[in-house]
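What follows is a set of notes on a single structure, which appears directly below.
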Amino acid sequence: MRTQVAIVGAGPAGLLLSHLLYLNGIDSVVVERRSRDHVEKRVRAGVLEQGTVDLLREIGLADRLDREGLVHRGIELLFDGGTHRIPMSDLTGGRAITIYGQQHVVRDLTEARLATGGQVFFEVDDVAVVDVGTAAPRLRFTVEGRQTELACDFVAGCDGSHGVSRSVLPASSRQLLERDYPFAWLGILAEVAPSSDELIYAYHERGFALHSLRSPTISRLYLQVDPDEDLANWPDHRIWDELGTRLAHGGWSLNEGPVLEKGITPMRSFVCEPMRFGRLFLAGDAAHIVPPTGAKGLNLAVHDVHVLADALTDHYRTGSEASLDAYSATCLRRVWRVQQFSWWMTSMLHRFPEHDAFEQNLQLSQLEYLVGSPAAATSLAENYVGLPWT
Ligand code: RFL
Ligand code: PHB
């Protein structure tokens, strides 16, 4: 088999890259370890930046997003028992976020790829990324028990934080920059109407909590927990009680309902520099991870593949290497902006075991400044809805 661009991973990054390349007349093959059903049901992100929505519209993939996505123009910050609204759209010239589940983005992209003749192989085993330091890179993998080789011009490593692509970069040619946080998020998806029209980010002495949603009948909620917390210690009634305590304010009450899904996610910041080695380009979570407090991971993956698709298109049209050479630095500028924002939101809103009253008062002072100063609120708002792509 041969293709122009071999893509490892059918998450949002891999599928969107494949579709953008198709629209520019470039052939690609996507190989994915999991089944299509698994990938389309994996519950993860829910917040799409303005730039992500604009791109999906531009390429004609936003019909369902425009029908079912929920446009949000503000978020609530809850601390000291009171909520304060950050009017994001008013502060950013009308930009907004859209609530639309990542699994729906993945379903829409998969359908679009398959409808346009795209080749996506699911349930592929033992993917090996080979010879990317030469002019003849290839993937080796097993599909339906058969050993297969896929020759290509370039490999895109879109296989997430636990994929194989990143490990192909020799240690001498890359740096891994990272931070672990002393907590994790316990997340639930519940079949119950959201208890608030907008997202609520809560700073509480018992730990951070987040009220989010997926639709008028599905809520998504998170609690800060210990990094090594065992899900078995969290029966549903304990989760609801804790959410009720941390999110309490005024006469507000939390709607409870059947829990459809629950999981614990460790919190980590991570960047691999550069995002390229030879003919291998890393994109999305394969290259960087942000803690979810800023709601940025999926959006950053979309930005990477937009830059990569443009660079590959330019290369195939002109023969020039310039855009490919600029790929890593172009992406890393936004990656670090988003790392800083995600780290800042995380640091401001969580309880750190090592903090004393001094740091806690700094956090509260920062929150009060944010809700009292349009300048401070604008800084949060423009990062949250997503700074314009450059
Ligand atoms: P993905 O989605 O992990 O996809 C990678 C794909 O590669 C496959 N794969 C392999 N395939 C073949 N061979 C191998 N050896 C392979 N190894 C892995 C995997 O099966 C998978 O299908 O990475 P991608 O495409 O870069 O997308 C990144 C996003 O998934 C991620 O950044 C977001 O989910 C992060 N995130 C959020 N991002 C946002 O923008 N907004 C949010 O509101 C938001 N909330 C979240 C989040 C992530 C969370 N968790 C669970 C980590 C909330 C949570 C709780
Ligand atoms: C979500 O709805 O899953 C979500 C929302 C906001 C975040 C993270 C996750 O910051």
Side-chain angles (χ1 to χ4, degrees), residues 9 11-14 16 42-53 55 75 88 97-102 105-106 157-163 165-166 174-187 199 201 203 208 210 212 220 222-225 227 263-275 282-308 328-350 352 379-390:
L16 179 59
R42 206 161 37 192
V43 177
R44 281 187 166 186
V47 173
L48 306 186
E49 288 180 0
Q50 185 70 56
T52 299
V53 172
L55 175 67
I75 54 169
M88 295 182 306
I97 54 155
T98 301
I99 304 292
Y100 190 66
Q102 177 169 328
V105 174
V106 166
C158 303
D159 46 353
S161 57
H162 302 294
S165 303
R166 193 174 58 246
R174 52 112 177 104
Q175 285 193 79
L176 304 179
L177 305 152
E178 52 194 317
R179 279 286 172 282
D180 286 330
Y181 298 88
F183 38 75
W185 277 17
L186 188 164
L199 271 66
Y201 286 81
Y203 175 81
F208 170 76
L210 171 61
S212 182
R220 177 82 167 143
Y222 298 96
L223 285 171
Q224 172 185 348
V225 294
I264 292 186
T265 311
M267 301 278 273
R268 201 153 84 94
S269 299
F270 165 87
V271 181
C272 173
E273 290 199 355
M275 293 167 55
L282 301 179
D285 278 14
H288 40 69
I289 295 286
V290 287
T293 329
K296 289 285 171 237
L298 167 60
N299 295 293
L300 207 47
V302 166
H303 179 260
D304 287 350
V305 297
H306 165 73
V307 175
L308 184 53
S328 178
T330 305
C331 288
L332 284 169
R333 268 198 299 281
R334 192 174 184 90
V335 168
W336 280 111
R337 172 89 303 281
V338 164
Q339 284 290 1
Q340 192 279 335
F341 176 68
S342 303
W343 166 87
W344 174 75
M345 286 283 281
T346 304
S347 307
M348 176 173 69
L349 287 164
H350 290 75
F352 287 70
S379 171
L380 188 158
E382 68 179 0
N383 279 280
Y384 195 87
V385 299
L387 291 162
W389 293 357
T390 48

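Since this is a predicted model, take the numbers as computed values, not measurements.
Between R334 and L387 there is a side-chain heavy-atom pair separated by less than 4.5 Å. T346 places none of its side-chain heavy atoms less than 4.5 Å from the side chain of V290. You'll find the side chain of P227 stays beyond 4.5 Å of the side chain of P266, heavy atoms only. In this structure, the side chains of S342 and T293 stay at 4.5 Å or more apart for every pair of heavy atoms. For the pair N383/W344, no side-chain contact is recorded, criterion being any heavy-atom separation below 4.5 Å from C-beta on. Taking the side chain as every heavy atom from C-beta outward, M267 and P292 approach each other to under 4.5 Å.
Considering CD of Q224 and CG of L186, their distance stands at 11.5 Å, rounded to 0.5 Å. For the atom pair M345 CE and H350 NE2, the distance stands at 9.5 Å (nearest 0.5 Å). Distance CG/L300 to NE2/H288: 4.0 Å, rounded to 0.5 Å.
For the residue pair S347 / Y181, no side-chain donor-acceptor distance below 3.5 Å is found, with atom types taken as modelled. No side-chain donor-acceptor contact under 3.5 Å links W389 and E49.
The only option from L48, T52, V47, N299 that meets the side-chain contact (heavy atoms from CB on, under 4.5 Å) definition with I97 turns out to be V47.
Enclosure of atom CZ in R179 is not indicated, since only 12 or fewer non-hydrogen atoms of other residues, nucleotides or ligands lie within 6.0 angstrom.
In terms of modelled atom types and a separation under 3.5 Å, the side chain of D304 and the main chain of G284 share a donor-acceptor contact.
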